[in-house]
There are 2 protein chains.
Amino acid sequence: MKSVNLKELAQELNLSISTVSKALRDNYEIGQETKERVKKLAQELNYEPNPYASSLRRKKSKTIGVIIPEVSNNFFSQVINGIEEVARENDYHVLIYLTNESYSREQTISHHLASGRVDGILMSIASETQDYAHLKELTSKNIPIVFFDRVCDELATAKVTTNDFQSGYMATQHLIEAGCQCIAHLLISSNLSIGQKRMQGYVKALEDYGITCDASLIVNGDKTDAENRETMKQLLRSRPEIDGIFASVERLAMSSYEACKELNLAIPENIKIISFSNLYVASLLDPALTTITQPAYAIGKEAAKILFNSLDKNKPISATQSLELSSELIKRKSTAV
Amino acid sequence: MKSVNLKELAQELNLSISTVSKALRDNYEIGQETKERVKKLAQELNYEPNPYASSLRRKKSKTIGVIIPEVSNNFFSQVINGIEEVARENDYHVLIYLTNESYSREQTISHHLASGRVDGILMSIASETQDYAHLKELTSKNIPIVFFDRVCDELATAKVTTNDFQSGYMATQHLIEAGCQCIAHLLISSNLSIGQKRMQGYVKALEDYGITCDASLIVNGDKTDAENRETMKQLLRSRPEIDGIFASVERLAMSSYEACKELNLAIPENIKIISFSNLYVASLLDPALTTITQPAYAIGKEAAKILFNSLDKNKPISATQSLELSSELIKRKSTAV
DNA sequence: CTGTTAGCGCGTTCAG
DNA sequence: CTGAACGCGCTAACAG
């Protein structure tokens, strides 16, 4: 079956193409009855405008790009959920791209999107990324970007984040008040804004509670799960005084959890774990993992709203529209602490 | 900064637009040195062809649509991962749409995609869907579809599934051999192919082991999590002889798990749970949940490969290309059974 | 109120 | 080997 276009509708109705076009778009120039006649036939023939022709003409794609490191992570999944919801409400389409934490993929993708394929971009930076030229290319082409979670401070645009510093502080405080004296911190790649801020919160909390901060307790968890688990095991073996772990992200929490189990370190008696995580199931673990849970769905929605608002009004996004949402401390259910 | 197009390149080089176009596409009609000259400048000016103009002209969008019920589910996340990977290898773009299990959303989305926005579709059907007219519209417009996991048997196209019947059988058998006599089955919406097949496997296993199949032990879990949990609690209270639960999907497994915990039914002593789930963490639960784990990533990849192969060779997809991949029974780690 | 005309940027004839 | 001309399907400016 051939896909029907304006020309065919026009022929069928003995009208001109532009009249049909206007009628369908409810242009005030067109009479009520012609509008109805046109719409009726369009309906019958299942007419759908060709989006590419329309985009070419209007220089608007009604499409946004979402660039994230991975999707097999509850946080990003929920964010996508929020984004898709808002996009649908605004009649936008969502293109998705995964960097897998790779800088070069992020570059390639960004470059592709500089072609006008998308009207705007929502993005969370790859852990490998340290240079931002590819992002500057985008802004130089006037493609608005809103960052979420993992942001790029060098670009003056809106960022939607969690209160990472306070959350890191809160997490550490939680462990200290539960009696921990020697707390390890499992950091996600040191390039990332979130990692830095969470760590700063950790450092500040130790300071405030008069605990000296030992740099060797802060380890990088930017390897594979298996490697991170080994790193953790090694640390725990060499430093038996460790009685608390603060993991920066979900995956690191799980690696820590497994490391403890394998070393037969009783949780939470010998060692207490807290982590950023949007994994609902973490609260079912026994003993349940205390988590700092980010408002992922809301982050997706808010980031998308800022972007669509800018696209809608056709005005640039300013850094002042940035938003910081609060995370939530979800305590262990079945076990004290 | 204005985005550079063929015309500008042509002017700069004192060539015609079509020559530049051909040079960039490595057309044999163009001399080697002009090609290089053109490509060099294109590189310098960061030229990226306008995808919409190109799509309009070639009637190919280099884009596929992925329609799934939800993304906050590890199975679908992993599938997306596989799809995106293959798409990237083939230089395709991925549009994502979530139905949230809603029939009307699925209709709207399908209708939108009938416009030529995508060259093909990968899809897993919403649980509400019972009528397939919207999908037939797509095939009537020659838009190839490959179904995965939740398929539509009324359409003669390729489907990538898990061996659901055998898996359901295996799951039930596992419980029986672990000593369960009275096994409840928590069914996902009865419309879905996967639900039916898994249930059939369950019924067959009971039969083979000479256990009479009591229809009241099969309950529908198509409500919200909280409601499903209540349903489960009610069932468990009214039928204390239940000593095994086979849940059809991840969410239902969690609801069952919680229901048991709340009723203080010891797992696995009083009651054993098995479930389809791609939630890695399920194996960390204590007692760990035995799961039937689907090869989600591979399903995504294979489905995408079938689609791209068809798009590439420009020939229709036949049902004979369907694939059935095997799931894996992941047994409890920490606890026997 | 309706129709005519002129592109959007690119790829594909067909002439030279 | 290169260029001129046309049209993909749609929208917008301008006539009537």
Side-chain angles (χ1 to χ4, degrees), chain A residues 1-39 41-42 45-63 91 112 114-119 141-142 314, chain B residues 2-39 41-42 45-63 91 112 114-119 141-142:
Chain A
M1 182 167 117
K2 259 196 76 250
S3 98
V4 40
N5 57 18
L6 283 184
K7 195 164 136 195
E8 290 177 43
L9 287 183
Q11 275 169 356
E12 194 84 18
L13 293 160
N14 278 320
L15 287 170
S16 80
I17 293 176
S18 69
T19 305
V20 177
S21 173
K22 287 175 190 164
L24 288 172
R25 322 192 79 248
D26 253 334
N27 188 302
Y28 66 99
E29 289 178 331
I30 307 297
Q32 196 52 45
E33 53 176 340
T34 21
K35 274 185 187 170
E36 275 160 21
R37 228 157 51 88
V38 171
K39 285 181 179 173
L41 186 69
L45 299 189
N46 252 316
Y47 170 76
E48 275 286 305
N50 181 314
Y52 296 111
S54 170
S55 293
L56 178 58
R57 189 60 238 250
R58 307 220 276 182
K59 300 190 171 302
K60 287 241 157 271
S61 64
K62 280 284 190 182
T63 303
D91 282 314
H112 264 120
S115 64
R117 187 180 287 276
V118 296
D119 296 340
K141 295 210 174 173
N142 287 319
N314 203 17
Chain B
K2 259 196 78 245
S3 97
V4 39
N5 57 19
L6 284 183
K7 196 163 135 194
E8 291 177 43
L9 287 182
Q11 277 168 356
E12 194 83 17
L13 293 160
N14 279 320
L15 286 171
S16 79
I17 293 176
S18 66
T19 304
V20 176
S21 172
K22 285 175 190 165
L24 289 172
R25 324 193 77 249
D26 254 334
N27 189 303
Y28 66 98
E29 288 179 329
I30 306 297
Q32 195 53 42
E33 53 174 341
T34 21
K35 275 186 188 171
E36 276 160 20
R37 228 158 50 90
V38 171
K39 286 181 178 171
L41 186 69
L45 299 189
N46 253 316
Y47 170 75
E48 275 285 305
N50 180 315
Y52 296 110
S54 169
S55 292
L56 178 59
R57 185 61 237 249
R58 307 217 280 182
K59 300 189 170 305
K60 288 244 157 274
S61 65
K62 279 285 191 180
T63 304
D91 281 313
H112 264 120
S115 64
R117 188 180 286 275
V118 296
D119 296 340
K141 295 209 175 175
N142 288 318

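Proteins get letters first, then strands, A, B, ... in listed order; numbering begins at 1 in each. Just so you know, these numbers come straight off a predicted model, no measurement behind them.
Counting only heavy atoms from C-beta outward, the side chains of A/Gln11 and A/Ile17 never approach each other to under 4.5 Å. Between A/Thr19 and A/Glu29, the closest side-chain pair of non-hydrogen atoms is not below 4.5 Å. Looking only at side-chain heavy atoms (C-beta outward), A/Thr63 and A/Asp119 stay at 4.5 Å or farther from each other. By the 4.5 Å heavy-atom criterion applied to side chains, A/Val4 and A/Glu48 are not counted as neighbours. In this structure, the side chains of A/Lys59 and B/Tyr52 stay at 4.5 Å or more apart for every pair of heavy atoms.
Note on B/Leu6: only backbone sugar-phosphate atoms sit closer than 4.0 angstrom, heavy atoms only; bases stay farther off. As judged by a 4.0 angstrom heavy-atom cut-off over every strand, B/Thr34 is placed among residues touching the sugar-phosphate backbone only.
At a cut-off of 3.5 angstrom, the base of D/dG3 holds at least one donor-acceptor pair with the side chain of B/Ser18.
An OP1 or OP2 oxygen of C/dG9 is reached within less than 4.0 angstrom by a side-chain nitrogen or oxygen of A/Lys59. For the OP1/OP2 pair of D/dC10 and a distance below 4.0 Å, the side-chain nitrogens and oxygens of A/Tyr47 include at least one atom meeting the criterion. A sub-4.0 Å separation between OP1 or OP2 of D/dT11 and a side-chain N or O of A/Tyr52 is absent. The shortest distance between the side-chain N/O atoms of B/Ser21 and the OP1/OP2 oxygens of C/dC10 is not below 4.0 Å. Between D/dA12 and A/Arg57, no contact under 4.0 Å exists linking OP1 or OP2 to a side-chain N or O. Distances shown here put a side-chain N or O of A/Ser16 below 4.0 Å from the OP1 or OP2 atom of C/dG3.
What separates CG of B/Asn50 from C1' of D/dC10 is a distance of 14 Å, to the nearest Å. Distance B/Leu56 CG to C/dG7 P: 17 Å, rounded to the nearest Å. Distance, B/Lys7 NZ to C/dG11 P: 16 Å, rounded to whole Å. A/Arg117 places its CZ atom 21 Å from the P atom of C/dC8, with the value rounded to the nearest Å. Rounded to an integer number of Å, the gap from NZ of A/Lys60 to C1' of D/dT11 is 15 Å. Here C/dG7 presents its P atom at 17 Å from CD1 of A/Ile17, a figure rounded to the nearest Å. Atom CG in B/Asn27 sits roughly 10 Å away from atom C1' in C/dG11 (whole-Å rounding). Here the C1' atom of nucleotide C/dG3 and the CG atom of A/Asn14 are 13 Å apart, to the nearest Å.
Closest to the side chain of B/Leu15, from the set C/dG3, D/dG3, C/dT12, is D/dG3.
Nearest-nucleotide assignment on DNA chain D puts the 5′-proximal partner with B/Glu29, out of B/Glu29 and A/Glu29. Judged by closest nucleotide on DNA chain D, B/Lys22 is the one of B/Lys22 and B/Ala53 placed further toward the 5' end.
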